[in-house]
Number of protein chains: 2
Amino acid sequence: MNQYGNGEKKRVTIYSVAKEAGVSLATVSRVINESDVVKENTKKKVQEAIIKLGYKPNAVAQGLALKKTTTIALVVPDGSFNYIDKVINGLLDTAKIYKYNITLHTTTAGINEMNEIIDNVVKSRADGLILYNDAFSAKEIETLNHFQIPMVYLGNKGTGESACCVYIDYEQAVYELVTRYLNNGIDDIVIIDDRKNPTSIDLLIRGASKAFNEHGKTFGGFITIPEDVHNSYEFLSNYFAHNKHKLVITYRDSQAIAVINTCTENNIRIPDETELVCIKDSRYTDMFRPRISSFIVPSYDLGALAMRIMTKLLSGDIVRDKEFKLNYVYKAKETTK
Amino acid sequence: MNQYGNGEKKRVTIYSVAKEAGVSLATVSRVINESDVVKENTKKKVQEAIIKLGYKPNAVAQGLALKKTTTIALVVPDGSFNYIDKVINGLLDTAKIYKYNITLHTTTAGINEMNEIIDNVVKSRADGLILYNDAFSAKEIETLNHFQIPMVYLGNKGTGESACCVYIDYEQAVYELVTRYLNNGIDDIVIIDDRKNPTSIDLLIRGASKAFNEHGKTFGGFITIPEDVHNSYEFLSNYFAHNKHKLVITYRDSQAIAVINTCTENNIRIPDETELVCIKDSRYTDMFRPRISSFIVPSYDLGALAMRIMTKLLSGDIVRDKEFKLNYVYKAKETTK
DNA sequence: CGCATTATTGAAAACCCTTACATTTTCTAG
DNA sequence: CTAGAAAATGTAAGGGTTTTCAATAATGCG
C-alpha cells in the first residue's frame with residue numbers, strides 16, 4: 001500500500017538498473033553519485049537504464065548507508081507563520097539548492113514541547129536543527145543546551161554556548177531608537193510586552209535600559225499584558241483610557257495595530273500625542289493607516305543564511321564566526337513625527 | 001560528524017540493547033513495537049536496557065525495513081504562510097498525534113516546480129502528499145494527476161480524479177453573498193483578481209456568475225490586476241480614482257486592505273458608498289478599521305482533517321467520501337451595511 | 001512423569017544503498 | 001608483444017531495523 005506500490009509493478013532498485021545495464025550495482029551507485037571514475041561508455045549505459053526504468057534512488061536506504069539524512073528540522077513557535085513567511089522562503093530556497101529537506105515542528109508558548117521535538121529529531125536522524133527562537137521559554141533553551149546536534153539559532157542571538165546564530169540586533173535597534181528620543185528630551189517611553197515573545201521582548205527592554213542608563217535614568221516603562229488576560233486588546237484599551245505616553249514601542253505588528261486602535265478609541269492622536277514604533281516590520285505595517293514606523297530587515301536573507309551556515313556545519317567546514325548579525329534599517333513612517 | 005556522532009561514544013543500536021538485556025534483537029524489536037507476545041519479565045529487562053543506554057530506534061532503518069517513512073510532504077504556495085497559519089497548526093498537531101513527520105515544500109506562482117517537488121517526494125519516500133491548492137497553475141495540477149501517491153488537497157476542491165480534498169466551498173459562499181445583494185437590487189459587484197490565487201479566484205467568479213445567471217444577468221465584474229503590474233496598490237488606486245462600485249469582493253485580506261486604502265484616498269466612503277467583503281478571514285480583518293466583513297472558517301480543523309484523512313488513506317482504510325466540505329459563517333462587520 | 005500444545009524467543013533474510021578492497025581490464029612504454 | 005601501472009569494475013560487508021519461520025521453553029492434562 002505504501003511507497004506508491006501499485007501492487008503488481010516490481011519496485012525498481014539499484015539492482016534492477018544494474019541488471020538492465022549489465023553492470024554491477026556498485027557502478028550504478030557511482031553513476032548516481034557522479035563519481036568520475038566510471039568510463040564514459042558505461043556511464044551512458046547506466047543512465048539509459050535509469051531513464052528506461054524510471055529509477056529514483058531511495059533516500060531512506062541512502063540515509064542508512066551514509067548515516068545522514070540530508071534533512072534538517074526547523075522549529076518555529078506556533079503562530080509565528082504570519083511574520084516568518086519570508087524567513088522560511090529564504091530557508092527553503094537555500095535548502096533546495098543544497099538538496100536538503102526540511103521537516104517542520106512547532107512549539108506552543110507555555111508548553112515545553114522541546115523534549116518531544118528533540119526525541120523526534122533524534123529518532124528521525126535529522127542532520128541538524130534550525131530554531132526560530134523568539135518565543136522559547138528558558139526551560140526550552142535549557143533543554144536545547146543539553147542536546148548535541150548541529151544547531152543554528154535564527155532570529156535572536158543564541159543562548160547556547162556552541163550553537164551558531166543568525167540574527168537581527170534588535171537590542172541595538174531599540175537602544176539607538178530610545179537614545180534618539182532621550183536626546184530630544186523625551187523619556188516617557190513604554191514597551192508593550194504581551195509575554196508571547198519573551199526572548200525578544202527581554203532584548204528590547206535591555207536595549208532601552210541601556211539607553212536610559214547612559215542618560216543617568218532608569219527604564220521601567222514596560223506594559224506587561226498578564227498571561228491570563230485573554231483579550232489583550234481590551235487590556236490595552238483600558239490602559240490607554242487612563243494613560244498616555246510619548247513613545248510606544250511594540251514588537252509585533254499586531255500589537256502595534258492594537259495600540260493604534262485603542263489610542264484612536266481614546267482620542268489619543270498618533271503621532272502628535274503619542275508616537276509608535278513597531279520593531280518587526282511586516283507587510284501589514286505598510287498597509288495599515290497610518291503606516292507604522294518600523295525596522296526593515298532582510299528576512300529572506302536571514303533564513304537563507306541560517307540554512308547556508310547549517311550546510312557548512314554539516315560539511316565539516318570550520319565555522320569560525322558563530323554569530324551572524326544582519327543589518328536593520330529604521331524606517332520612519334506615519335506613526336512617528 | 002553526522003548523526004550526532006561525538007566520535008568516541010559508540011552508536012547505540014538495537015544490538016547494544018539486545019546484548020545489554022541478554023536477549024536477541026528480535027525481542028528488542030518486539031518490545032519497541034509493543035508486540036504483546038513478549039513475556040512480562042523479559043519486556044522489563046529490555047525496557048531497562050533501553051533506558052540505561054538511552055536507546056532511540058533509528059527511524060531511517062525502520063523506514064527501510066517497513067517500506068514506509070511516516071513522513072508526509074506538505075506543499076504550500078510561496079507567500080501563503082500569512083494566511084495558512086492555523087491550517088498548518090491543525091495539520092502539525094494532528095500529525096504529531098499520529099506520529100507523522102511533515103516535510104515542507106513551497107511552490108512559487110508562475111514557476112512550475114511541481115516536477116522537482118515530486119522528484120524529491122519520490123526519492124525521500126514520503127508516504128503521502130498534502131497540497132494547499134489555492135495557487136497552483138493548471139500545469140502543476142496536471143503534473144500531479146499523473147503522480148501515484150496518497151494525496152489530499154487542502155483548501156479547494158481537488159481537481160484530480162482520485163485524490164481526496166478538504167475544503168471550504170467559497171464558490172457557494174460567494175453565490176449566497178451575491179444572491180443576497182442581487183435580491184436587494186444591487187448588481188454593481190466586482191471581484192478583485194490579482195492572479196496570485198487563480199484557483200480560488202476562479203471559484204469566486206463561478207459563484208458570482210451562477211448568482212447572476214439565476215437573475216437572468218451576466219457577471220463580468222472582475223478587475224484583473226495584470227501579472228506584470230508590480231504594484232497592485234497603485235493599480236487599484238488608479239482604478240478607484242475613476243470607478244466606483246456598490247460591492248467589492250476580494251479573496252485575501254491584503255487585497256481588501258488595499259481596496260479600503262485606495263477608496264479612502266479617493267474619498268469613497270465604506271460602507272456607505274462601496275461595500276466590501278473579504279472572503280478569507282484573517283486576524284487582520286478584525287484588526288483593521290473599519291473591521292472587514294468576511295467569512296469565518298475553521299482553519300485549524302481544515303488542516304487537522306486533511307491530516308486525519310491522510311492517516312486513513314495510509315492505514316489502508318477505505319475512504320468512502322472523497323470530498324470533505326467544511327462550513328463557513330458569513331460575518332458582517334463594518335465594511336458592509 | 002511424559003506428551004501435546006501453546007507461549008516465547010532466536011536466527012536469518014530482507015529492505016536498498018555506499019564504499020573499502022579485490023579483481024579485472026585497459027593503457028603505456030620498453 | 002609484454003610487464004607493469006593505471007583505470008575501471010565487481011564483491012561483499014556494513015548500515016539498523018522488521019518479520020517469517022524454526023527452535024525452545026512453559027504449561028496443561030492424563
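The figures here come from the full heavy-atom set of this structure, side chains too, leaving out hydrogens, waters and symmetry mates. What you are looking at is a predicted structure, and each value in this text was computed from that prediction instead of being measured. So that the names make sense, note that chain A is the first sequence line, chain B the second, and so on, each numbered from 1.
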Inset, instruction - Say whether, by atom type as modelled, one donor and one acceptor occur between the side chain of Thr94(B) and the main chain of Gly90(B) under 3.5 angstrom. - result: yes
Inset, instruction - May I ask you to evaluate whether Thr42(B) reaches the phosphate of dT9(C), defined as a side-chain N or O under 4.0 Å from OP1 or OP2? - result: yes
Legend entry - Side-chain donor or acceptor of Glu113(A) paired with backbone N/O of Thr108(A) under 3.5 Å: yes
Legend entry - Side-chain donor or acceptor of Asn33(B) paired with backbone N/O of Ser29(B) under 3.5 Å: yes
Inset, instruction - Please check if any side-chain donor atom of Asn156(A) sits under 3.5 Å from a side-chain acceptor atom of Ser200(A), or the reverse. - result: yes
Inset, instruction - Would you kindly give the NZ-to-C1' distance between Lys39(A) and dT9(D), to the nearest whole Å? - result: 10 Å
Inset, instruction - May I have the distance from Lys43(B) (atom NZ) to dT8(C) (atom C1'), rounded to whole angstrom? - result: 13 Å
Legend entry - Electrostatic pair Lys45(A):Glu20(A) at N-O distance under 4.0 angstrom: no
Legend entry - Length of the line joining Ile50(B):CD1 and dT17(D):P, which is rounded to integer Å: 10 Å
Legend entry - Flag, side chain of Thr69(B) to backbone of Gly63(B), donor-acceptor distance under 3.5 Å: no
All N/O pairs under 3.5 Å across the protein-nucleotides 16-23 of chain C interface:
| residue | atom | partner | partner atom | Å |
| --- | --- | --- | --- | --- |
| dC16(C) | OP1 | Arg11(A) | NE | 2.8 |
| dC17(C) | OP1 | Tyr55(A) | OH | 2.8 |
| dC17(C) | OP1 | Asn58(A) | N | 3.3 |
| dC17(C) | OP2 | Ile14(A) | N | 2.7 |
| dC17(C) | O5' | Tyr55(A) | OH | 3.2 |
| dC17(C) | N4 | Tyr15(A) | OH | 3.3 |
| dT18(C) | OP1 | Asn33(A) | OD1 | 3.3 |
| dT18(C) | OP1 | Asn33(A) | ND2 | 2.9 |
| dT18(C) | OP1 | Gln62(A) | NE2 | 3.0 |
| dT18(C) | OP2 | Ser29(A) | OG | 2.4 |

Inset, instruction - State, yes or no, whether a side-chain contact exists between Tyr300(A) and Leu91(A) at a heavy-atom distance under 4.5 Å. - result: no
Legend entry - Net bend of the helix from dC1(C)-dG30(D) to dG30(C)-dC1(D), end axes of five pairs each, nearest 10 degrees: 40°
Legend entry - Between dT8(C) (P) and Lys44(B) (NZ): distance, integer Å: 16 Å
